[in-house]
Amino acid sequence: MRAALEGFLDELSAIRRASPHTLTAYARDITAVLDRAGAPGAAVAPERWTRELLEGALRAMHQRQRSAATAARALAAWRSFSRFCVRRGVIASDPSRAIAFPTLGARLPRTLPSIALNDALDRVNGDDPDSIRDRAMLELAYSSGLRLSELVGVDRGDFQAAAGLVRVRGKGRKQRVVPVGQAAVGAVQRWLAWCDATIRPSRDPAAPVFVNRRGRRLSGRTFQRIVQRRLAGVAATLGVSPHALRHSFASHLLDRGADLRSIQELLGHASLGTTQIYTHVSRARLQKAYDQAHPRA
């Protein structure tokens with residue numbers, strides 16, 4: 001079964017074009033079950049991949065107080081792997097089909113207050129390299145609603161300052177082009193000018209926009225630390241993550257009258273249903289819609 005897992009991951013990468021994050025998560029979730037069937041790293045016979053094995057793994061996750069979302073993601077990985085093994089003749093039937101997915105609550109990411117967020121961004125105004133870089137990354141993430149991986153993956157050829165656009169590579173390596181606001185354009189241009197003058201000038205369109213002092217692409221973890229340090233006050237004691245900027249982007253557009261279809265395109269969602277869950281309608285907007293539409297409001 002471990003050899004089948006290698007083939008499965010190869011297919012995910014080459015044919016389904018799964019992201020590195022998805023590949024890592026699927027490998028981890030499936031390997032955990034294989035390790036339950038035998039010693040870690042030891043060979044596992046196909047007949048050991050059973051419904052009982054998978055249900056036991058789910059129970060263990062529940063006992064460790066893993067979230068329903070984590071359990072659902074693991075089950076999705078097991079199902080995908082099982083179907084692959086059936087297609088390849090490794091196993092005769094899919095033992096995961098009879099296992100129901102855990103019920104997921106509609107928990108939404110945190111939305112940052114618009115005024116407080118704008119104030120926090122304006123306070124990142126120093127002339128030191130960290131401030132210039134941090135302002136550029138925060139402005140672009142919020143201005144264009146980028147995922148963490150999309151932000152750190154932006155290359156110089158993707159950023160079109162004159163047009164106010166940026167090309168990003170989203171989930172499944174799908175590309176989309178999204179607008180960039182004036183504040184973000186100016187902040188990114190200032191950062192690139194500093195890089196050209198201090199690190200080394202570059203006209204290579206494949207060169208990363210956001211780099212460290214050695215000119216190497218910044219990691220997602222670095223931006224997580226930037227968000228936590230620069231925006232901690234916006235979310236009080238509740239904490240804040242890069243994803244909160246993306247959710248705030250969508251929610252603030254919705255609050256100001258943007259339609260869901262447009263937001264779906266900007267976010268790069270495959271279905272409108274995802275956008276409907278992802279965004280929320282503020283009470284103020286609901287009240288305004290009611291006051292404008294109801295004949296006896």
On a heavy-atom basis, the closest approach of A187 and A136 is O-CB, 3.5 Å

Using a strict threshold of under 4.0 Å (side-chain N to carboxylate O), is an ion pair present between R87 and D94? no

Is it the case that more than 12 heavy atoms not belonging to R64 sit under 6.0 Å from its CZ atom? yes

Salt bridge (Lys or Arg N to Asp or Glu O under 4.0 Å) between R203 and D196: does it pass, once the steps are laid out? CA-CA 9 Å; R203 296 184 179 276; D196 288 343; over 6 Å; no

Heavy-atom pair of closest approach, residues L138 and R230: CD1-CB, 3.8 Å

Let me confirm one number: the CG-NE2 distance from L267 to H247, rounded to the nearest 0.5 Å. 10.0 Å

What's the separation between atom CG in L260 and atom CG in L253, rounded to the nearest 0.5 Å? 11.0 Å

Quick check: closest heavy atoms across L75 and S96, and the distance to 0.1 Å? CD1-CB, 4.4 Å

Taking S13 for its side chain and L9 for its backbone only, find out whether a donor-acceptor pair lies under 3.5 Å. no

Applying the 4.5 Å side-chain criterion to the ILVMFWY set and letting contacts propagate, would V177 and V180 be lumped into a single cluster? no

Here the gap from S80 atom OG to D29 atom CG, rounded to the nearest 0.5 Å, amounts to 11.5 Å

So, R169 side chain and G153 main chain: donor-acceptor pair closer than 3.5 Å or not? yes

According to a hydrophobic-cluster definition based on side-chain heavy atoms being under 4.5 Å apart (Ile, Leu, Val, Met, Phe, Trp, Tyr only), do L23 and L148 belong together? no

Distance-minimising heavy-atom pair for P208 and D155: CA-OD1, 3.8 Å

Can you name the side-chain contact (heavy atoms from CB on, under 4.5 Å) partners of S149, sequence neighbours left out? R147

First locate atom CG of L254, then atom CG of D259, and finally report the distance between them rounded to the nearest 0.5 Å. 9.5 Å

Check for a donor-acceptor pair, side chain of S144 on one end and backbone N or O of V178 on the other, with a separation under 3.5 Å. no

Parallel, tilted or perpendicular, judged at 30° and 60°: which one describes the rings of W49 and F81? perpendicular

Has Q175 got more than 12 heavy atoms of other residues, nucleotides or ligands less than 6.0 Å from its CD? yes

With the side chain counted from C-beta on, respond yes when V33 and V44 share a heavy-atom pair under 4.5 Å apart, and no when they do not. no

CD/Q182: more than 12 non-hydrogen atoms of other groups inside 6.0 Å: no

Mind checking the CZ-CD spacing from R221 to Q224? Nearest 0.5 Å is all I need. 5.0 Å

Roughly how far, to the nearest 0.5 Å, is CG of L192 from CD1 of I132? 11.0 Å

Worked check of salt bridge (Lys or Arg N to Asp or Glu O under 4.0 Å) between E139 and R190: CA-CA 12 Å; E139 289 280 9; R190 187 184 182 201; over 6 Å; no

For the student: nearest non-hydrogen atoms of C195 and V211, plus distance: SG-CG2, 4.1 Å

So among R225, R135, R213, which one has a salt bridge (Lys or Arg N to Asp or Glu O under 4.0 Å) with D130? R213

Hey, can you tell me if Y26 and F8 have their rings parallel, tilted or perpendicular (30° and 60° cut-offs)? parallel

Is there a side-chain contact between D204 and R156 (heavy atoms, below 4.5 Å)? no

Polar side chain donor-acceptor pair, R133 to T222, under 3.5 angstrom: no

Closest contact, heavy atoms only, G164 versus V185: CA-CG2, 4.3 Å

Side chain W191, main chain V209, donor-acceptor under 3.5 Å: yes

How about C85 and M1: do any of their side-chain heavy atoms sit closer than 4.5 Å? yes

More than 12 non-hydrogen atoms from neighbouring residues, nucleotides or ligands closer than 6.0 Å to CZ on R216, yes or no? no

